[in-house]
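Some notes on the structure that comes next.
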Amino acid sequence: MARRKKIYEGKAKILYEGPEPGTIVQYFKDDATAFNAQKKDVIEGKGVLNNRLSEFFMLGLSQIGVPTHFIRRLNMREQLVRSCEIIPLEVIVRNFAAGSLSKRLGIEEGTQLPRPIVEYCYKDDALGDPLVTEEHIAAFGWASQQDMDDVLSLALRVNDFLSGVMLAVGIKLIDFKIEIGRVYDGDFQRLVVADEISPDSCRLWDIETGRHLDKDVFRRDLGSLTDAYSEVARRLGVLPQTAPTKPTLIN
Ligand code: TMP
């Protein structure tokens, strides 16, 4: 079999050249990292769960008219996506205080915010993805004002969609991170939700118990990460068929 061309290997995914021009294959690894890869582990099955969950969220978004890079899932660990130019920002939307916001502003985790707060971090591992303002984004030319208007509106639509989907299965969407890409259709550029949406990039708390069902389980050593992600997948009805079905005996 011909060897595929690897385009990029990140902490949780590998990107390969896709079968047609303008496409990319995203391979979801089992690697988990936190604190800019200072903490690392391999968590069997995480890649399979994130591939499924990201497919579920991206398909749902396109069904409500939010453009994404997702084309189709190829197998347990891979999905075909449109190749795009990633805007070098992590776009974070927060509904309740947690994580770095709680630390930075001294707000207790779980406190409801007066409105969704959108933050931008400059994607640069060497710098630890620092928080930046729209002033930096405009001055350094990472995105235009038009791009930023579109990024904000996409981020808030994703927030409303994900909050509703999660609420329906008893989960509170505390915050999440997305990445936005530019795709070109002839002379036109448009923005799409890219990368992945999974419990690696969201904070998800059980509404009843407050149990963490996201990567904080790994960051904070709160138990089994696969149990937490499987619980999210199970509630959303997207649990992968892991065990082969038992053969039926025919008399
Ligand atoms: P933070 O509170 O650590 O800034 O994280 C905010 C959200 O962004 C949270 O849902 C986790 C997600 N996130 C990522 O997806 N990647 C990252 O590298 C970091 C630091 C956070």
Side-chain angles (χ1 to χ4, degrees), residues 6-16 18 23-34 36-37 40-64 66-93 99 120-121 123 125 129 151 154-155 157-159 161-163 165-166 171 173-183 191-204 213-219 225-226 228-230 232-233 236 238-240:
K6 193 193 274 191
I7 299 173
Y8 178 77
E9 178 155 3
K11 285 176 284 198
K13 295 188 293 299
I14 305 174
L15 304 183
Y16 295 99
T23 64
I24 281 182
V25 175
Q26 276 198 158
Y27 175 96
F28 287 75
K29 301 195 281 186
D30 279 342
D31 301 23
T33 66
N36 208 8
K40 285 186 205 173
D41 206 348
V42 175
I43 302 199
E44 211 185 315
K46 181 176 85 87
V48 174
L49 285 158
N50 280 353
N51 185 28
R52 284 279 180 153
L53 285 163
S54 201
E55 171 193 25
F56 175 81
F57 296 127
M58 294 290 184
L59 281 178
L61 283 170
S62 43
Q63 277 157 3
I64 63 157
V66 175
T68 80
H69 73 157
F70 184 82
I71 301 172
R72 66 177 180 276
R73 187 167 58 80
L74 298 170
N75 54 48
M76 296 280 274
R77 287 187 181 273
E78 294 177 330
Q79 48 182 248
L80 189 68
V81 301
R82 268 192 82 162
S83 143
C84 53
E85 195 180 283
I86 296 285
I87 295 179
L89 297 172
E90 303 213 322
V91 180
I92 295 167
V93 184
Y120 304 104
C121 292
K123 261 174 74 69
D125 279 343
D129 299 339
V151 165
L154 281 172
R157 289 191 75 192
V158 173
N159 186 39
F161 169 77
L162 284 181
S163 296
V165 166
M166 290 303 177
I171 294 174
L173 179 66
I174 302 293
D175 58 30
F176 65 92
K177 181 267 300 186
I178 49 171
E179 294 184 21
I180 305 290
R182 299 186 180 97
V183 294
L191 300 188
V192 298
V193 178
D195 189 48
E196 71 178 273
I197 300 179
S198 74
D200 267 11
S201 51
C202 300
R203 280 199 177 89
L204 307 169
L213 297 168
D214 55 60
K215 205 164 97 178
D216 276 347
V217 171
F218 170 72
R219 293 189 190 98
L225 194 74
T226 27
Y229 288 21
S230 302
V232 176
L236 294 168
V238 292
L239 197 63

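Start at 1 with the first residue, then count along the sequence.
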Hey, which of L61, I64, T68, V91 is the one that makes side chain to side chain contact (heavy atoms under 4.5 Å, CB included) with V158? L61
Do you know the tightest heavy-atom contact between K13 and D195? NZ-OD1, 2.8 Å
Once rounded to the nearest 0.5 Å, what's the spacing between atom CZ of F161 and atom CD of Q63? 7.5 Å
Distance, nearest 0.5 Å, that separates SG of C202 from CD of E196: 9.0 Å
CZ of F57 to OG of S201: how many Å apart, nearest 0.5 Å? 9.0 Å
Report yes if some heavy atom in the side chain of F28 is under 4.5 Å from a heavy atom in the side chain of S54; otherwise report no. yes
Smallest separation among heavy atoms of Y229 and D214, with atom names: CE1-C, 3.6 Å
With rounding to the nearest 0.5 Å, note down the distance linking CD1 in I171 to OG in S163. 12.0 Å
Can you check whether L173 reaches L204 side chain to side chain, under 4.5 Å on heavy atoms? yes
Applying salt bridge (charged side-chain N to carboxylate O under 4.0 Å, His left out), name anything that partners E179, two or more places apart in sequence or on another chain. K123, K177
Between the side chain of D125 and the main-chain N/O of N36, is any donor-acceptor distance below 3.5 Å? no
Minimum heavy-atom distance F218-D41, with the two atoms named: CE1-CB, 3.6 Å
According to side-chain contact (heavy atoms from CB on, under 4.5 Å), who are the partners of R219, at least two apart in sequence or on a separate chain? A34, F35, R203, K215, D216
Note, I24 side chain near H69 side chain (heavy atom, < 4.5 Å): no
Closest non-hydrogen atoms of I178 and A155, given as atom of the first, atom of the second and distance, are CD1-CA, 4.0 Å
Using a 4.5 Å cut-off on heavy atoms from C-beta on, say whether the side chain of R73 contacts that of N51. yes
If you measure from NZ on K46 to NZ on K29, what distance do you get to the nearest 0.5 Å? 9.0 Å
Looking at K11, I want to see if its NZ is surrounded by more than 12 non-hydrogen atoms of other residues, nucleotides or ligands under 6.0 Å. yes
Return the minimal non-hydrogen interatomic distance between R77 and G45, and the atom names on each side. NH2-N, 4.4 Å
May I ask you to test the N50-P199 pair for a side-chain heavy-atom distance under 4.5 Å? yes
Would you call L236 and L53 a side-chain contact if the rule is heavy atoms closer than 4.5 Å? yes
As a test of understanding, state which of D31, L225, L49, D30 forms a side chain to side chain contact (heavy atoms under 4.5 Å, CB included) with I43. L225
Considering all heavy atoms, the nearest I7-Y16 contact: CD1-C, 3.7 Å
Between R182 and L191, is there a side-chain heavy-atom distance shorter than 4.5 Å? yes
Measure the NZ-CD1 distance between K6 and I14 for me, rounded to the nearest 0.5 Å. 5.0 Å
Determine whether L89 and I180 make a side-chain contact, defined as any pair of heavy atoms from C-beta on separated by less than 4.5 Å. no
